[in-house]
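Working notes, structure below.
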Amino acid sequence: MQLSGKDQYRVTTNIGLSDASLSSLALLYQPLTGGDGILIYLTLFAERNGQHPSSLEKLFTLINISPDVFERSLVKLEEYMLVRTFAREEKGAASYIFVLNAPMNSSDFISNGLYMSRYLKEMGQEMTNAAVSYLSASSISMQGYKDVTHVVKNVREDTLERKVSFVKVRPSFTFDEESESINFDYEKFVSITTPTVFPTQFRTRENMALIGKLATVYGLTPERMRILVSKCSDLNGTSFDTEKLKVLCAKSRPEVTSSDPYDLPPVSFLQGKQNGVPVTFADKKILENLATEMHFANPVINVMVEYILSVSDNRLVRSFVESVAGEWARDGVKTKEDALAEAKKSRQKVRSNQAHIRIAVPDFIRQAEEGTLPKSEKASEKELQEAMDLQRKLRKQNG
């Protein structure tokens, strides 16, 4: 096919380009088709469904490209199924219809062995891992970042607010309204966890949220979680065993520390309450349930554990824990301050109930204290002998 500036063309497509499609084009297709190829694709997309033909000369001028470069780039677009070309000869000139196809989403592209082998050849292992990790993330983690945006008021320039307010950003991905209870460095986890260790298709919002919650309650680092996740992933891409991950996390030793005891992972906090004795598996599952099912943050769980131990003889009884957790959830306890106030209120309630409990004292104790206990007569020898004979008889009857 020899293209000429005099040739005519039209563009048609029934697709739209989403944010995900644009990311796939820029980060995955561009190394294979070249930057000129992506520019051509986007320009053709902008001219889609036009009823009147245009000359290729106009297109060459618009994107500042030579006919040879355009033709080579078009072949690349066709090779990766982004464009299909239909041609017809008309009185010594050609007329073309370019049909645009949607790019693969990132998950399908990464799962395509042919495309990824070519991508790896072009970009190298390190860049390939970085691109895959970026596209596999559910959202951007702002771990360690601060908002340094200049606050600009809609007033005269000489009265602009030049002071920068620093806002500490919570280190969590956004999954749902319970995400605030997650304290896990997703950015680092994603950067060190390749698709061969944790396949992309398993990085759903539900799985990533569970990973963060388990790491938070058990005090696990991204490096440790990477190892545990790899043991639960079927590299054939068929399954990810979340129950196995829960068990492995529960068997792991906490690694995260904090200057505030209430900010510690609950397993570490409870171990401290036990003078360093490791937490039992059953107690770990109780703490896990408070985090993953009740969605309490670490400080709330730790204050609750401290309160329960103080009123139940240092025991964590699941039924009692669930009762307290349900009450705190209904009372809207979400922060450490809320939890401390709730624990104080609960202790006052317990003391108040105990103050109203009266135990009846037997008469003989009361009479002994008052000195009014009736005097008893000493048993005679005959009565003592009869009592002893009766005891021997009873022992003989009972064998």
Side-chain angles (χ1 to χ4, degrees), residues 17-43 45 63 65 69-70 72-83 100-145 169 171-174 184-205 207-208 211-212 215 221-237 240:
L17 289 181
S18 63
D19 291 343
S21 297
L22 293 174
S23 295
S24 183
L25 283 171
L27 300 179
L28 297 176
Y29 281 93
Q30 185 166 214
L32 304 181
T33 64
D36 290 328
I38 299 301
L39 178 59
I40 291 169
Y41 182 89
L42 293 175
T43 304
F45 182 81
I63 58 180
I65 198 171
V69 174
F70 179 89
R72 288 197 300 271
S73 299
L74 183 62
V75 170
K76 286 288 187 181
L77 293 173
E78 293 170 345
E79 182 179 353
Y80 292 100
M81 304 299 294
L82 290 173
V83 176
L100 304 187
N101 295 323
M104 289 184 184
N105 60 47
S106 59
S107 177
D108 291 339
F109 189 103
I110 292 170
S111 300
N112 188 300
L114 174 62
Y115 284 16
M116 284 307 295
S117 64
R118 293 184 177 183
Y119 190 96
L120 181 62
K121 183 178 179 180
E122 290 290 334
M123 302 298 289
Q125 187 67 59
E126 184 176 352
M127 292 294 292
T128 299
N129 289 343
V132 170
S133 297
Y134 176 84
L135 290 166
S136 300
S138 300
S139 63
I140 295 177
S141 169
M142 293 185 177
Q143 173 79 20
Y145 288 82
V169 182
S172 63
F173 272 20
T174 303
F184 181 62
D185 190 348
Y186 279 103
E187 187 171 343
K188 186 171 185 179
F189 174 75
V190 171
S191 68
I192 64 176
T193 308
T194 65
T196 55
V197 172
F198 186 33
T200 306
Q201 58 268 33
F202 298 148
R203 304 187 185 197
T204 62
R205 298 178 69 85
N207 287 342
M208 293 295 280
I211 288 170
T221 62
E223 292 83 359
R224 181 60 182 166
M225 185 56 76
R226 171 185 176 275
I227 295 173
L228 300 184
V229 164
S230 68
K231 296 179 179 180
C232 304
S233 304
D234 180 354
L235 298 183
N236 294 325
F240 177 64

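Along the sequence shown, the residues carry numbers beginning at 1. A quick note: this is a predicted structure, and the numbers were derived from the prediction, not measured. Just so you know, these numbers use all the heavy atoms, side chains as well, and skip hydrogens, waters and symmetry mates.
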Between [atom1] on residue [X] and [atom2] on residue [Y], distance to nearest 0.5 Å:
X	Y	atom1	atom2	answer
L27	F109	CG	CZ	10.5 Å
L74	I40	CG	CD1	6.5 Å
L32	E79	CG	CD	8.5 Å
Q30	M123	CD	CE	9.0 Å
I63	D36	CD1	CG	7.5 Å
L17	F45	CG	CZ	4.0 Å

Is there a donor-acceptor contact under 3.5 Å from the side chain of [X] to the main chain of [Y]?
X	Y	result
Y29	M104	yes
R226	I192	yes
Y119	L28	no
N129	T194	no
S73	F70	no
S233	S230	no
T43	L39	yes

Taking all atoms of both residues into account, what is the closest heavy-atom pair of [X] and [Y], and its distance?
X	Y	value
Y80	T33	CD1-CG2, 4.0 Å
Y41	A102	OH-CA, 4.1 Å
P31	A26	CD-O, 4.4 Å
L25	I38	O-CD1, 3.7 Å

Please step through side-chain contact (heavy atoms from CB on, under 4.5 Å) for the pair E223 and K188, ending with a clear verdict. CA-CA 8 Å; E223 292 83 359; K188 186 171 185 179; 2.6 Å; yes

Go through V190 and M208 one step at a time and tell me if the side-chain contact (heavy atoms from CB on, under 4.5 Å) criterion holds. CA-CA 10 Å; V190 171; M208 293 295 280; 4.0 Å; yes

Any V229 side-chain heavy atom under 4.5 Å of V197 side chain: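 SC-SC contact between V229 and V197 ruled out.
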
Is any side-chain heavy atom of L100 closer than 4.5 Å to a side-chain heavy atom of V83?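 Yes, their side chains come closer than 4.5 Å.
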
T128/M116 under side-chain contact (heavy atoms from CB on, under 4.5 Å): CA gap, chis, key distance, verdict: CA-CA 9 Å; T128 299; M116 284 307 295; 3.7 Å; yes

Verdict with supporting geometry, M225 and F198, side-chain contact (heavy atoms from CB on, under 4.5 Å): CA-CA 11 Å; M225 185 56 76; F198 186 33; over 6 Å; no

Would S24 and S21 satisfy side-chain hydrogen bond (donor to acceptor under 3.5 Å, both in side chains), going step by step from the backbone distance to the final call? CA-CA 5 Å; S24 183; S21 297; over 6 Å; no

